Protein chains: 2
Amino acid sequence: MVDIKNTYTTEIEALFYAYQAFTSASDQHLATLGLGRAHHRILYFVGGAPNLSVGELLQKLQISKQALSAPLRQLQAQSLVVGAVSPEDRRVKLLRLSTEGERLLDTLLGLQTDLLERTFLQFSAEDRQMWLALTQTMAGHGPKMDNS
Amino acid sequence: MVDIKNTYTTEIEALFYAYQAFTSASDQHLATLGLGRAHHRILYFVGGAPNLSVGELLQKLQISKQALSAPLRQLQAQSLVVGAVSPEDRRVKLLRLSTEGERLLDTLLGLQTDLLERTFLQFSAEDRQMWLALTQTMAGHGPKMDNS
DNA sequence: TTTTTATGTCAACCATATTGACATATTATT
DNA sequence: AATAATATGTCAATATGGTTGACATAAAAA
């Protein structure tokens, strides 16, 4: 069956379960706060580029503004994300993380980091570099993104 | 910001975008058939273990029978999956792929294989082995599964 | 003054999941 | 033979995370 017809079944399964491992810890932690992956992605992009406008965030997330609305409103209601009117253009709202929001993002990144660290511990620095290079190459073969 | 506080941002991003690349081609192909990832996982598990019972499939998928119901019914309606009463226990329904279902699964696996092949082409056989070993180790650090 | 832009909200819809309740057929137990 | 347990299936209500379309408002640009 599958194993006979396809040479890469092992790699496909490894990647599937590795990604599950990669997301499960943060997913669980988010769930205890009543948050999901949508909130995680917002925290990630806003944390990585403070004073991001709503429009810029939408471009990064590649979702509709209606889809962003609910989770962003929640994050603002919980004071994890704060928005301020841009001094340059009063139509624009600039988003950044509150101290609490940064702390949560750190926790989430820490959970993912823990997995990577535990994994890399069993391999050499060269192996780690190779893994990253190969994974980045794979990412580069992905769907074309509009980073215009 | 994030880059300062966390050493593994590069690896985290690489894995995120690699997984996106990994799933996008098959997701797109499934969409043209009016199917989604739920159907893909059913095809994958039934294809990998023909004459699987509904209960066994549920254990592998780790979802509720209500969540399985709709996509499985669709696959049966499209004659991609066929079910037959077990000769040993007439309560049990054994699932397998039709020829058409196997063809679709092959196509989907082929799309994922293409990405892996294109990626591995740029690396040595040792690098590929390393990547697999590391990715499998990472998968092993995932959430404990009930394979009782 | 008019138009464009940035944001935001309402409504309807879809996909994928959940839990609870219940029905049916079949097998196992008492 | 009657009863209990098992395997499947369905109905309803709910949640999350998306979609499109329509429309409102404030501010900047034409």
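Order of the sequence lines sets the chain letters (A, B, ...), proteins ahead of strands, with each chain counted from 1. Fair warning: this is a prediction, and the values are worked out from it, not measured in the lab.
Using a distance-only test at 3.5 Å, with no hydrogens or angles considered, no donor-acceptor pair links the side chain of B/Ser69 to the main chain of B/Lys65.
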Worked check of side chain to side chain donor-acceptor pair (under 3.5 Å) between A/Asp127 and A/Ser124: CA-CA 5 Å; A/Asp127 292 343; A/Ser124 70; 3.2 Å; yes

Quick one, A/Trp131 with A/Phe123, criterion ring pair (Phe, Tyr, Trp, His ring centres under 6.0 Å). Give me CA distance, side-chain angles, the key distance, then yes/no. CA-CA 10 Å; A/Trp131 183 88; A/Phe123 293 85; 9.8 Å; no

From CA spacing to verdict: side chain to side chain donor-acceptor pair (under 3.5 Å), A/His39, A/Gln78: CA-CA 12 Å; A/His39 306 90; A/Gln78 294 184 31; over 6 Å; no

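Across the helix from C/dT1-D/dA30 to C/dT30-D/dA1, the helix axis at one end is tilted relative to the axis at the other end by 0° (nearest 10 degrees, each axis from five pairs).
Contacts between residues 32-42 of chain A and DNA chain D, counted as heavy-atom distances below 4.0 Å, involve A/Gly36, A/Arg37, A/Ala38, A/His39, A/Arg41.
For B/Gln129, the CD atom is loosely surrounded, since the number of other residues' heavy atoms within 6.0 Å does not exceed 12.
The A/Ala67 side chain lies nearest to D/dG18 when the options are C/dT26, D/dG18, D/dA27. When distances are taken from the side chain of B/Ile63 to each of C/dT27, D/dG18, C/dA17, the shortest belongs to C/dA17.
Within the structure, every side-chain polar atom (N or O) of B/Ser64 is placed at least 4.0 Å from both OP1 and OP2 of C/dA17.
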Filtered N/O pairs between nucleotides 8-11 of chain D and protein, under 3.5 Å:
unit_1, atom_1, unit_2, atom_2, d
D/dT8, OP1, B/Val54, N, 3.2
D/dT8, OP1, B/Lys93, N, 3.4
D/dT8, OP2, B/Gly55, N, 2.7
D/dT8, O4, B/Lys65, NZ, 3.2
D/dG9, OP1, B/Lys93, NZ, 2.5
D/dG9, N7, B/Lys65, NZ, 3.1
D/dG9, O6, B/Lys65, NZ, 2.1
D/dT10, OP2, B/Ser69, OG, 3.4

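Nearest heavy-atom pair, A/His29 versus A/Leu111, reported as atom, atom and distance to 0.1 Å: CB-CD1, 3.7 Å.
The structure places OH of A/Tyr44 at 8.5 Å from CG of A/Leu105, a figure rounded to the nearest 0.5 Å. The CD atom of A/Glu117 sits 13.0 Å away from the CD atom of A/Gln112 when rounded to the nearest 0.5 Å.
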